[in-house]
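Working notes for the structure below.
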Amino acid sequence: MENIEISIEFNPEIIQRIYSIIKEDPDYKPKPYRRGMLRIEQALEATSDTRALRLGDGILEEVADLFTKQFPRRKAIIVADTNTYAAAGKRVEEALRKADIEQESPFIFESSTLHAEYSCVTELVECFKKCEAIPIAVGSGTINDLTKLASHLAGKRYMCVATAASMDGYTAYGASIRANDIKQLFPCVAPQAVLVDTDIILQSPTKMTTSGYADLLAKMTAGADWIIADWLGVEPIDEKAWKITQSGFHEALLLTEKASVQDEHTTIAKLMEGLMLGGFAMQLVKTNRPASGAEHLLSNFWELERRIKKTKAVSHGDLLSIGILAITAFYEWVVNAPLEDLDIQKCCANWPDTEEYERQAKEAISEIGLNVCIQEAKAKYISREQLGIQLQQLKEYWPEIRERLSQQLIPYREMKAKMKQIGLPTNPEEVGISRTHLRQTFLCTQYMNRRFTVLDLALRTGYMNTWLNGLFGKGKIWEI
């Protein structure tokens, strides 16, 4: 491996019988997650796709050496947009030329409002299939995801030169691409090599950097969702991926507390390291579960809504910030709920059959003006028998689950203060979302993605409205 170069229908008797049988399995009780940190060198060794990462100050000129070591005797083709080409693409092209590395003409997206659309992927695939060159994505989220998926579809590996600390998808498995008006995660391998020059990152717009912090802070609520999914047997925690992701998250919190005494390059390098760690964790488990939970469901929903209704776009980071705060506040009600006294028979009796569930999903989504496919909601529907088993487990182990969640979560007011310090919005009105609409969003987003989150817990336990009433209304956090 390349050396890492880095600076930094319900029958209670049946339910109980099935549950007892399951409990006889010594591996039935979920293993408590263990705290621990993995440095980026260890994370890179655990990944399967990315073989090299160079992160440092003023290292853009090393791009030729990195390319040669990873793709010897291969031709290169730079992929960028007009902004990223000017920021770093031209210098990458010159560095490759000086090193006598053959190049195809750069593929530059000319649109000033480039988005990660599938049509753009198609353009790139056509280009890549006409040549034998190895793509070098010079950019951030959009350019990287477009190049990642196109390279995969064209049967190529690729390399990435990061230009902003805006997201954690650089080293992630899969590409987030909009197709049929819905953002989807398409499976594809991560870049083989990544170069991050902090000089270039520091020149990017401040808004992009704050978006990066939002992606890191989302690991808190995403982690809480994973803890619940793990204990309920929905999706077990991968301990190595957990440590990788949470390392970056806790580093981010430390940075917001000590930023005033650190120089810019050290701060941005640590931010990029945290983002890379999140990507490596996703690469390890081949999903974005380590880094994405209910907070991303909210923000992705708002992005989709704005696109369909053709309203003013708001940055991913700003929307995500509100999503994180909303789920953080919601969790404060969750951890204080007496779920150890849960009436499982009542919950199962109230649980809809498949037809009623589908009707409820369609109604919830249409109430806010959207008409989208609900295959995702149907994919995670469970029967009353399955629900009973799941809730029995929740009820028995709730004290332990609550403790784990309490260790993972940061109080709402503390998180809000940290976000203000970073420069992220903390009120829904700042991103064009009314408080009434924010509450409505809670009632529909769980139907739009098959991933189990705290919103599904609320729906299955019958506590959704109770917890929302604790957040919205006169004298509450978000007064309506």
Side-chain angles (χ1 to χ4, degrees), residues 49 79-81 107 109-129 135 137 139-156 158 160 166-191 211 215 279 282-283 286-289 291-311 313-317 319-320 323 358 361-362 365-366 368-380 441 444-451 453:
D49 300 340
V79 181
D81 60 24
F107 188 106
F109 287 99
E110 301 291 343
S111 174
S112 59
T113 56
L114 181 66
H115 296 289
E117 303 279 358
Y118 201 88
S119 57
C120 295
V121 173
T122 301
E123 284 185 61
L124 277 177
V125 172
E126 291 177 355
C127 172
F128 294 168
K129 286 186 174 180
S140 55
T142 298
I143 290 295
N144 186 54
D145 277 355
L146 292 175
T147 307
K148 186 187 299 185
L149 182 54
S151 297
H152 176 71
L153 295 176
K156 300 174 180 285
Y158 82 106
C160 176
S166 56
M167 51 89 210
D168 57 9
Y170 285 113
T171 54
Y173 173 85
S176 184
I177 304 293
R178 186 178 289 112
N180 299 320
D181 276 328
I182 298 177
K183 184 178 285 188
Q184 304 175 45
L185 184 67
F186 288 84
C188 50
V189 299
S211 287
D215 251 1
M282 290 185 272
Q283 190 179 137
K286 299 294 187 288
T287 74
N288 59 3
R289 164 61 89 174
S292 177
E295 75 297 320
H296 271 81
L297 297 190
L298 294 180
S299 63
N300 290 342
F301 171 81
W302 292 323
E303 287 182 40
L304 169 63
E305 182 180 44
R306 278 166 167 70
R307 178 172 177 78
I308 293 178
K309 295 183 177 181
K310 301 185 185 303
T311 54
V314 177
S315 75
H316 168 76
L319 292 176
L320 181 57
E358 185 173 340
K362 289 180 178 178
I365 295 171
S366 63
I368 51 176
L370 297 184
N371 181 23
V372 298
C373 175
I374 61 166
Q375 292 303 314
E376 292 295 300
K378 294 168 68 174
K380 68 178 176 182
T441 305
C444 73
T445 50
Q446 70 268 21
Y447 293 115
M448 299 180 70
N449 190 288
R450 67 187 64 197
R451 171 157 298 146
T453 72

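Source: prediction; values computed, not measured.
- Summarising the geometry of Asp168 relative to Ala291, their closest heavy-atom pair is OD2-CB, 3.5 Å, with the distance given to 0.1 Å.
- Between Cys120 and Phe109, the closest heavy-atom pair is CB-CE2, 3.9 Å.
- Checking each of Thr147, Val79, Val189 against Tyr158 for a side chain to side chain contact (heavy atoms under 4.5 Å, CB included) leaves exactly one that passes, namely Thr147.
- Applying the salt bridge (Lys or Arg N to Asp or Glu O under 4.0 Å) definition to pairs two or more places apart or across chains, those involving residues 109-120 are Glu117-Arg178, Glu117-Arg307.
- In this structure, the side chain to side chain contact (heavy atoms under 4.5 Å, CB included) partners of Val314, at least two apart in sequence or on a different chain, are Arg306, Asp318, Leu319, Val431.
- Other residues, nucleotides and ligands contribute at most 12 non-hydrogen atoms within 6.0 Å of the NZ atom of Lys129.
- Residues Glu376 and Lys380 are not paired through a salt bridge, judged by the lack of any N-O separation under 4.0 Å between the basic side chain and the carboxylate.
- Taking the side-chain hydrogen bond (donor to acceptor under 3.5 Å, both in side chains) definition, one finds that Lys378 meets it with nothing, sequence neighbours left out.
- Residues Gln184 and Ala179 share a closest heavy-atom pair of NE2-O, 3.0 Å.
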Next on the checklist: Does Leu124 form a side chain to side chain contact (heavy atoms under 4.5 Å, CB included) with Leu149? I'd like the steps, not just the answer.
Outcome noted: CA-CA 9 Å; Leu124 277 177; Leu149 182 54; over 6 Å; no
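- Every residue meeting the side chain to side chain contact (heavy atoms under 4.5 Å, CB included) condition with Leu185, not counting sequence neighbours, appears here in chain and number order: Asn288.
- By the side chain to side chain contact (heavy atoms under 4.5 Å, CB included) test, His316 is found to be paired with Asp215, His296, Ser299, Asn300, Glu303, Leu320, residues two or more places apart in sequence or in another chain being considered.
- By the side-chain hydrogen bond (donor to acceptor under 3.5 Å, both in side chains) test, Asp145 pairs with no residue at all, sequence neighbours left out.
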Next on the checklist: Would Met167 and Ser176 count as a side chain to side chain contact (heavy atoms under 4.5 Å, CB included) here? Give the steps.
Outcome noted: CA-CA 12 Å; Met167 51 89 210; Ser176 184; over 6 Å; no
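- The shortest distance between side-chain heavy atoms of Ser151 and Phe128 falls below 4.5 Å.
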